[in-house]
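All values below come from the heavy atoms of this structure, side chains included, with hydrogens, waters and symmetry mates left out.
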Amino acid sequence: MRTIIQGLVGGVIAFIIGAALLGIVRLAFGLSFWGGEASLVAGWLAFVIGWLLGVGVWEYWVREWFNLPVKKFEATGTSRYFTFCTDHKVVGIQYLVTFLGLFLLAGLLAMVMRAELMAPGRNYMSGATYNNVMSLHGTIMVFVGVAATVGAFGNYILPIMIGAEDMAFPRLNALSFWFVPPVAILLLASVFSNGYDTGWTGYATLASSTREGVIFYNLAFFTVGFSSILGAVNILTTVIALRAKGMYWGRLPIFVWASLGTAILSLIFTQFIALAMIMSLLDRVAGFSFFDAFAGGDPLLYQNVFWFYSHPAVYVMILPGLGIALEIISVFSRKPLFAYKWAVFGMMGVVVLSALVWAHHMFTSGMDSPLRIPFMITTELISVPTGLVFLTALGTMWGGKLILKTPMLFALAVIFNFLIGGITGIFLSDVPVDIQLQDTFFVVAHFHYTIVGGGIFALFAGIYYWYPKMTGRMYNERQGKIQFWWMFIGFNLTFIPMFWAGLNGMNRRIADYVPDLGNINFFTSMSAFFLGIGFLLFVYNMAVSLKKGEVAADNPWGGYTLEWQTSSPPPLENFDTPPEVVGDPYGYGEPDAKHVIFPAPAATD
Amino acid sequence: MSTTTVHHHHQSEGNYSKLTTDRVGLWLFLLSESMLFLGLLSARFYLAGTFRPPELNQALGVGITSILLVSSLTMFRSEVAIRHGDQSSFLRHLLITIVLSILFLGGVAYEWSQAFTHFSPNTVFGTIFFSMTGMHALHVLSGIFLMLLIYRNGRSGKYSEHNHWSVEATAKYWHMVDVVWVFFYAALYLV
Ligand SMILES: [Cu+2]
């Protein structure tokens, strides 16, 4: 609590200073002291700095810079989770819980949308309110997709998997997390400013002409980018420099490779979303004309910069999930990961290709027509490396003895759902089809199959899989299975009809539709409410098991990777004796397979 | 071979030291930063092609560019000096670098005051000019902040030939800021 109060106090003081400094400059130029949106932006940027100084930057960095005595405030027990804590396992849990909270909130907003869409016509809210709800739902879900899985397991599990004691830069790791709470505050605050109606894409020129709430969106996206970039630097450096003895590149668990690919994408591309947000803000607040066609600007520039990040971002959302699914499938099939090298090759292929496809979001934007063809081809090419990952999953299961516990069920659902998402993606990458289906519910169904059916199902798979490791308790298996089938059926009943509604011309991002589609939408809404209840079952299972679950063994699944070779939960710095890796991590069913040994520590001097 | 007492680095593959780890992290961060500038550079050609207004102050452009290039050289000298443990040369060259970078910022400010009258941000070239030079100037400003910090700590003898990572990191950052400017200068003043 102390950390959060310090952050808020620092933030508020800094906000006042920031807005006042801008006010003084404005006065010097003969303008009014309070500049409305301009002052809000200046205040916000200062708020973030003040917040960070308050939560930990002052104590962990500034005092050191100025050679002041560093008094670190190290909490223990549950209160650690509310502090600036450098333990990677604490940071992982902070990410997980924060983003699950945001996920529930965004899910609730989806329920609100489905309530309005239950019947044609206006039912509960104005079109403007619907647009606000839709925009906030999309933005929060994108943040969850980008940061939840890699933030939680990239921090908690990845360092243990490679035999490290912590991340390469533990302080920076804590810092990346503490960028998140102010973003959450900001998005919630947008509600009090009448919200914004641009969707999560914030396209020019709507963004420069709509209500002021849109600057909350711009600033939130801009700020969350810092968190992504710092996190990516940390994950990459950790994997490059902190692997245990014998952990050669060819022995890295596949989740580590997936996180590595994710981190490369975040490192390179996040700067472009920051740039898109800066350009938008400059246009709106400072009278610049990047996107103002009357002044010689070009609205399509926004879409190019935006999607240059946001297409790779969908792989930031899905790659860690595919990594988790492959880990689980290998353990629960009791078979080595099939064609490991090809899976790695596939993931890296996705990373490279994802830089070359962004304009498939712009086929109807008025871009140069002939240019659409190469983008169609590169987009369809992406199914080759993703196909390799699929074949790895199938080959691993082939002839295996599948153990259908909850994590495995979720992992199999990831493969199933992502397949549907992938195949419908091929339709959308095709220019003539896309021109018909652009901005319909077909698109909505497609990307929910990839990001929710793939990414979020994988998040659940990972939570169930590593729950014993992280908490030291087992979740309730029966409830877990019920929740899985509940969610899997609910999910498919919700989103399959959306393909149909989209094919029949139902537009997205609009509170209304033709009356003919009333029945299918009623069905979709009922399914969505059913799906929503599934998440409550999950929360119940997790919360109750935390106290009452049976005590977990160190290695309940018989996994070979390093996180299962230490206690549940692992001690501070993860291993009592430094591990030495002696073989590949997936020797399931092979008689003499050994991934790791713990040599007796040499006598120290 | 005995294990070292370095806290977070027992037995890592390839025996990376803390210093190497820091270097890897810094290079990755610089790579990421350069993407931001690459984006702005692309926007310049996307929006305005190779258009360049005749009012640009070419003499000033050459002047501030030379100042910045010289500052990279003095920063390099400063880093080499501390690598050899030469405290006074380290501090002297660092101070010169700080003065040069403040001069550079002064030059940009003067250029801005002139530019406002010819191409304001309402025009497309103004948009490009002010956003590119502004983003770069922000990085110069943070570079100056870092240099002041290590100057202050350097005077109290914090760095030595074996312990000067902060100096090395600041120097690398500064070189990146300078390299970016070479591209920006060419894109704004020369094309
Ligand atoms: Cu895309």
Student: Given a strict heavy-atom distance threshold of 4.5 Å, which part of B/T123 is in contact with chain A: side chain, backbone, both, or neither?
Tutor: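 Interface part for B/T123: backbone (N, CA, C, O).
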Student: Does B/L31 reach the side chain of A/I268, with side-chain heavy atoms less than 4.5 Å apart?
Tutor: yes
Student: Report which part of B/L36 has an atom under 4.5 Å of a heavy atom belonging to chain A: side chain, backbone, both, or neither.
Tutor: both
Student: Does B/F45 have any ring pair (Phe, Tyr, Trp, His ring centres under 6.0 Å) partners at least two apart in sequence or in another chain, and if so, which?
Tutor: none
Student: Which atoms of A/V305 are under 4.5 Å from chain B, going by heavy atoms: the side chain, the backbone, both sets, or neither?
Tutor: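 It is neither, since no heavy atom gets under 4.5 Å.
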Student: Please round to the nearest 0.5 Å and tell me the distance separating atom CZ of B/F29 and atom CG of A/L172.
Tutor: 9.0 Å
Student: For B/S156, is it the side chain, the backbone, both, or neither that has a heavy atom closer than 4.5 Å to a heavy atom of chain A?
Tutor: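 The side chain, not the backbone.
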Student: For A/L282, is it the side chain, the backbone, both, or neither that has a heavy atom closer than 4.5 Å to a heavy atom of chain B?
Tutor: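 It is the side chain, since no backbone atom gets that close.
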Student: Select one option (side chain, backbone, both, neither) describing which atoms of A/F290 are under 4.5 Å from chain B's heavy atoms.
Tutor: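 Both backbone and side chain.
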Student: Checking B/I150 against chain A: side chain, backbone, both or neither under 4.5 Å from a heavy atom?
Tutor: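 For B/I150, there is no contact with chain A at all, as no heavy atom is under 4.5 Å.
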Student: Is any side-chain heavy atom of B/M135 less than 4.5 Å from a side-chain heavy atom of A/I278?
Tutor: yes
Student: Which pairs with one or both residues in residues 169-179 of chain B pass salt bridge (Lys or Arg N to Asp or Glu O under 4.0 Å), sequence neighbours excluded?
Tutor: B/E168-B/K172
Student: Tell me, for B/F130 versus chain A, whether the close heavy atoms (under 4.5 Å) come from the side chain, the backbone, both or neither.
Tutor: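 For B/F130, the contact with chain A is made by backbone and side chain together.
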Student: Can you tell me which portion of A/L300 sits under 4.5 Å from chain B's heavy atoms? Options are side chain, backbone, both or neither.
Tutor: both
